[in-house]
Amino acid sequence: MKTNTLRNQQGFTLIELLVVIAVIGILAGLVLVSMGGSREKARDARRFSDLRQITGAIESVNNDDSSYFKHALSIGSIPVIANSDGYKYLAAMTDPLNDNTFKYVWVGNTGTGKCGNLFEGHYFCAFGKMELPGDCGSDNRYYVINQNGQKERCDSVDYVATPPNICTCATW
């Protein structure tokens, strides 16, 4: 009787340990697969937030200078946004991924002249490409900010690879 009691208290068998490790591995794999979409959603949410901050900074420059912040074309990052006195409202920003597909784009608005009924200094445009297609049904979904506000845009064109001209972008 004593030998059976000692035998039961020695621990788990190798088979039991392997089964437990296999079950933990399967559960961990399921969790990682289900979280893949969450990461994309989180990066898209950050893009929305970043572009809203950029809009606020640009409006602050407009209040100071009576014209919008001007800068040359920038693909990959939004430049430092400052007024004419050099006060910085926002540091440079890059896309959460900032790879070959997903980048922030500041459409150049320096020395461009008039866009329709808008005079230079009264328009700007920047956008970020979103990862999730949303209601677009295409891979090219953008969140655009310009002097008219903020909106989502779906298009067949990859504007990160081929940015639009400022007059096109300012009227989206």
Side-chain angles (χ1 to χ4, degrees), residues 18-63 68-83 87-110 112 115 118 122-172:
L18 290 174
V19 168
V20 168
I21 290 170
V23 168
I24 291 172
I26 290 169
L27 291 174
L30 290 173
V31 167
L32 288 175
V33 168
S34 69
M35 290 185 67
S38 298
R39 290 181 183 150
E40 292 169 341
K41 285 180 187 176
R43 285 190 294 263
D44 278 354
R46 174 150 172 229
R47 289 178 183 105
F48 282 117
S49 175
D50 285 352
L51 288 162
R52 286 185 184 127
Q53 287 180 40
I54 293 163
T55 301
I58 292 170
E59 290 298 334
S60 295
V61 170
N62 189 34
N63 287 338
Y68 290 116
F69 172 75
K70 296 180 192 176
H71 196 275
L73 174 68
S74 176
I75 301 172
S77 67
I78 299 296
V80 172
I81 297 176
N83 66 11
Y87 181 82
K88 294 179 184 176
Y89 283 100
L90 195 66
M93 291 184 151
T94 58
D95 183 87
L97 280 179
N98 205 30
D99 63 6
N100 290 332
T101 305
F102 299 97
K103 293 183 177 187
Y104 289 148
V105 177
W106 174 269
V107 182
N109 64 341
T110 57
T112 54
C115 283
L118 298 171
H122 295 277
Y123 52 86
F124 68 92
C125 183
F127 59 87
K129 187 174 181 181
M130 301 293 130
E131 288 182 66
L132 297 175
D135 295 332
C136 286
S138 80
D139 291 336
N140 296 315
R141 176 176 157 240
Y142 304 93
Y143 189 66
V144 180
I145 59 169
N146 62 25
Q147 74 286 345
N148 297 321
Q150 310 157 6
K151 72 176 188 175
E152 192 173 83
R153 179 172 172 83
C154 304
D155 211 311
S156 60
V157 178
D158 183 359
Y159 290 112
V160 172
T162 310
N165 67 51
I166 185 62
C167 291
T168 300
C169 193
T171 58
W172 279 348

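Model, not experiment: these values are computed from the prediction. Computed from heavy atoms alone, side chains included, the values below leave out hydrogens, waters and symmetry copies.
- Summarising the geometry of Thr110 relative to Ala72, their closest heavy-atom pair is CG2-N, 3.9 Å, with the distance given to 0.1 Å.
- Between Thr112 and Tyr123, some side-chain heavy-atom pair lies under the 4.5 Å cut-off.
- Rounded to the nearest 0.5 Å, atoms NZ (Lys103) and OG (Ser74) are 10.0 Å apart.
- Here Phe124 contributes atom CZ and Ile145 contributes atom CD1; the two are 5.5 Å apart, rounded to the nearest 0.5 Å.
- Here Arg153 contributes atom CZ and Phe127 contributes atom CZ; the two are 10.0 Å apart, rounded to the nearest 0.5 Å.
- Within the model, atoms CG of Asp158 and OG1 of Thr101 stand 7.0 Å from one another, a figure rounded to the nearest 0.5 Å.
- Checking side-chain atoms of Asn146 against main-chain N and O of Cys169 turns up a donor-acceptor pair under 3.5 Å.
- Of the residues Arg47, Arg46, Arg43, the one that meets the side chain to side chain donor-acceptor pair (under 3.5 Å) test with Asp95 is Arg47.
- Across every non-hydrogen atom of Leu90 and Ala57, the tightest pair is CB-CB, 3.8 Å.
- Looking only at atom types and distance, the side chain of Asn165 has a donor-acceptor partner in the side chain of Thr168 under 3.5 Å away.
- Applying the 6.0 Å contact sphere to CG of Asn100 captures no more than 12 heavy atoms from other residues, nucleotides or ligands.
- Looking at Ser60, its side chain does come within 3.5 Å of a backbone N or O of Gly56 through a donor-acceptor pair.
- Of all the heavy atoms in Asn109 and Lys70, the pair that sits closest is OD1-CA, 3.2 Å.
- Between Pro163 and Ile75, the closest heavy-atom pair is CG-CD1, 3.5 Å.
- When only modelled atom types and interatomic distance are considered, Asp50 and Tyr104 share a side-chain donor-acceptor pair under 3.5 Å.
- Contact annotation: the side chain of Asn140 never approaches that of Val157 to less than 4.5 Å [non-hydrogen atoms, C-beta and beyond].
- Between the Arg141 side chain and the Glu152 main chain, no donor and acceptor come within less than 3.5 Å of each other.
- Summarising the geometry, atom CE belonging to Met130 is positioned 5.5 Å from atom CG belonging to Asp44; distances are rounded to the nearest 0.5 Å.
- With Tyr159 contributing its side chain and Val105 its backbone, the two residues share no donor-acceptor pair below 3.5 Å.
- Judged by distance alone, with hydrogens and angles left aside, the side-chain atoms of Gln150 form no donor-acceptor pair with the main-chain N or O of Tyr143 at under 3.5 Å.
- Using cut-offs of 30° and 60° on the angle between ring planes, the pair Tyr87 and Tyr89 is perpendicular.
- Residues Val144 and Cys125 come closest through the heavy atom pair CG1-SG, 3.9 Å.
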Before giving the answer on side-chain contact (heavy atoms from CB on, under 4.5 Å), spell out for Cys115 and Thr171 the whole-Å C-alpha distance, their side-chain angles and the decisive distance to 0.1 Å.
CA-CA 9 Å; Cys115 283; Thr171 58; 5.8 Å; no

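- Trp106 and Phe69 have perpendicular rings, their planes meeting at more than 60° on a 0 to 90° scale where under 30° would count as parallel.
- Taking a 6.0 Å sphere around CG of Asp99, one finds it holds more than 12 heavy atoms contributed by other residues, nucleotides or ligands.
- Expressed to the nearest 0.5 Å, how far CG of Asn62 lies from CG of Asn83 amounts to 11.5 Å.
- Ile24 has its side chain within reach of Val20: a pair of non-hydrogen atoms, C-beta onward, lies under 4.5 Å apart.
- When all heavy atoms of Ile78 and Ile54 are compared, the pair lying nearest together is CG1-CD1, 3.5 Å.
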